[in-house]
Amino acid sequence: MASVASSVIFKEFCPLYYLLNAIPTKVQKGFRSIVVYLTALDTNGDYIAVGSSIGMLYLYCRHLNQMKKYNFEGKCESITSVKLLSCFDDLVALGTASGRVAVFQLVSSLPGRNKQLRRFDVAGIHKSSITALAWSPNGMKLFSGDDKGKIVYSALDLDHGICNSSLVLEEPSSIVQLDYNQKVLLVSTLQRSLLFYTEEKSVKQVGTQPRK
């Protein structure tokens, strides 16, 4: 006899005021007061990461109830994509409106984990807004896509502080979403979805009809 499915209970959650109250609504730049917009979001069991229009990442630690801030040096520009990863170390990748991509290796209080904040930059390949980011489960690979259809693969060596990046795929339309698993990168664009096999560097389209 088939088991009866348990009933689904819908629950309404209130806004995270403890998080929102820790993010300023305006900042002062010289004589100007600039409104802060929240532009990107990612979460996992340890952190809530919120990107903003002023180039500041607000990272809330759920275990310690603490908010930390990270930013790009130089030009203040909107963060358009954020991706967290918890593996041996905690990592967060950021992408901006001009195509800058950076990875922060976060500090951990646990024994044997990273004790110093480190940053890695994906240098100069993207020239337009970052629309999607995807990690490999071990944190050694990061894929980034932009609104011009470029996908960049970055190989990270966290032990030696090295990040090597290269262009691996170029599509004729904006990248919408990326996901990576077992040497296969799933790519969605405004026109189609495809599987990119990273070892063979081959492409297999999902479906036959282009998106409208």
Side-chain angles (χ1 to χ4, degrees), residues 11-30 32-122 129-144 154 156-163 177-180:
K11 185 176 181 181
E12 183 177 353
F13 290 88
C14 66
L16 303 180
Y17 290 118
Y18 63 87
L19 175 68
L20 295 173
N21 290 339
I23 300 174
T25 56
K26 292 182 179 180
V27 294
Q28 200 72 25
K29 293 286 185 181
R32 293 186 304 152
S33 180
I34 300 174
V35 177
V36 178
Y37 297 99
L38 307 183
T39 55
L41 175 71
D42 195 27
T43 66
N44 61 19
D46 301 316
Y47 295 99
I48 300 174
V50 183
S52 71
S53 58
I54 59 169
M56 188 72 71
L57 174 74
Y58 298 92
L59 189 67
Y60 181 79
C61 178
R62 295 172 131 173
H63 301 298
L64 301 176
N65 296 323
Q66 290 181 351
M67 178 74 83
K68 294 192 175 181
K69 299 184 292 184
Y70 303 91
N71 68 344
F72 289 90
E73 290 86 6
K75 184 182 177 183
C76 176
E77 56 179 310
S78 179
I79 293 173
T80 54
S81 188
V82 177
K83 198 68 177 177
L84 290 161
L85 179 70
S86 288
C87 50
F88 183 75
D89 284 312
D90 292 311
L91 304 169
V92 56
L94 317 178
T96 74
S98 71
R100 298 175 71 185
V101 178
V103 173
F104 290 94
Q105 184 182 7
L106 305 178
V107 174
S108 174
S109 60
L110 297 175
R113 303 280 289 274
N114 185 49
K115 300 303 177 189
Q116 182 178 355
L117 180 69
R118 291 200 289 177
R119 173 178 153 181
F120 304 83
D121 290 295
V122 176
S129 181
I130 303 300
T131 52
L133 296 164
W135 284 106
S136 65
N138 62 5
M140 296 176 67
K141 299 176 181 178
L142 175 69
F143 295 89
S144 50
S154 300
L156 285 95
D157 186 337
L158 299 177
D159 293 330
H160 296 92
I162 299 171
C163 176
Q177 190 174 7
L178 298 173
D179 196 19
Y180 176 81

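How far CD1 of Ile54 is from NZ of Lys26: 13.5 Å, rounded to the nearest 0.5 Å. Note that NZ of Lys68 is 8.5 Å distant from CG of Leu59, once rounded to the nearest 0.5 Å. To the nearest 0.5 angstrom, Tyr180 atom OH is 12.0 Å from Leu142 atom CG. Going from atom CD1 of Ile130 over to atom CG of Leu94 covers 11.0 Å, rounded to the nearest 0.5 Å. If you take OG on Ser81 and CG on Leu41, they are separated by 11.0 Å, rounding to the nearest 0.5 Å. Gln105 CD to Phe88 CZ: the interatomic distance, rounded to the nearest 0.5 Å, is 9.5 Å.
Using a 4.5 Å heavy-atom cutoff, the side chains of Ser53 and Thr39 are in contact. Between Leu156 and Leu91 there is no side-chain heavy-atom pair separated by less than 4.5 Å. Inter-residue side-chain proximity for Leu106 and Leu117 is flagged as met; some heavy-atom pair is nearer than 4.5 Å. Side-chain contact between Leu19 and Met67 is present, with at least one heavy-atom pair separated by less than 4.5 Å. Between Arg118 and Leu158, the closest side-chain pair of non-hydrogen atoms falls below 4.5 Å. Under the 4.5 Å side-chain criterion, counting only non-hydrogen atoms from C-beta, Val36 is not in contact with Thr25.
Put simply, the side chain of Glu77 gets close to the backbone of Ser98: a donor and an acceptor are under 3.5 Å apart.
Between Ser144 and Leu178 the shortest heavy-atom distance is C-CD1, 3.9 Å. Shortest non-hydrogen contact noted between Leu57 and Ala49 is CD1-CB, 4.1 Å. Listed here is the closest heavy atom pair of Asn138 and Cys87: O-SG, 3.7 Å. Asp121 approaches Cys163 most closely through the heavy-atom pair O-SG, 3.9 Å. The shortest non-hydrogen separation linking Leu133 to Gly95 is CD1-N, 4.0 Å. Heavy atoms only, all atoms of each residue included: Ile162 and Phe120 are closest at N-CE2, 3.6 Å.
Partners of Asp179 according to the salt bridge (charged side-chain N to carboxylate O under 4.0 Å, His left out) rule, which considers only residues two or more places apart in sequence or in another chain, do not exist here. With sequence neighbours left out, Phe104 forms a ring-ring contact (aromatic ring centres under 6.0 Å, His included) with Tyr70.
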Run the numbers on Asn44 and Arg62 for side chain to side chain contact (heavy atoms under 4.5 Å, CB included), then give the verdict.
-> CA-CA 9 Å; Asn44 61 19; Arg62 295 172 131 173; 5.7 Å; no
List the steps, then state whether side chain to side chain contact (heavy atoms under 4.5 Å, CB included) holds for Leu38 with Leu20.
-> CA-CA 10 Å; Leu38 307 183; Leu20 295 173; 3.9 Å; yes
Stepwise side chain to side chain contact (heavy atoms under 4.5 Å, CB included) check, Asp90 with Val107 | CA-CA 8 Å; Asp90 292 311; Val107 174; over 6 Å; no
Please assess Ile48 against Leu16 for the test side chain to side chain contact (heavy atoms under 4.5 Å, CB included), listing each intermediate value before the final yes or no.
-> CA-CA 11 Å; Ile48 300 174; Leu16 303 180; 4.1 Å; yes
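The ring pair (Phe, Tyr, Trp, His ring centres under 6.0 Å) contacts involving residues 39-67 comprise Tyr18-Tyr60, where partners must be two or more places apart or lie in separate chains.
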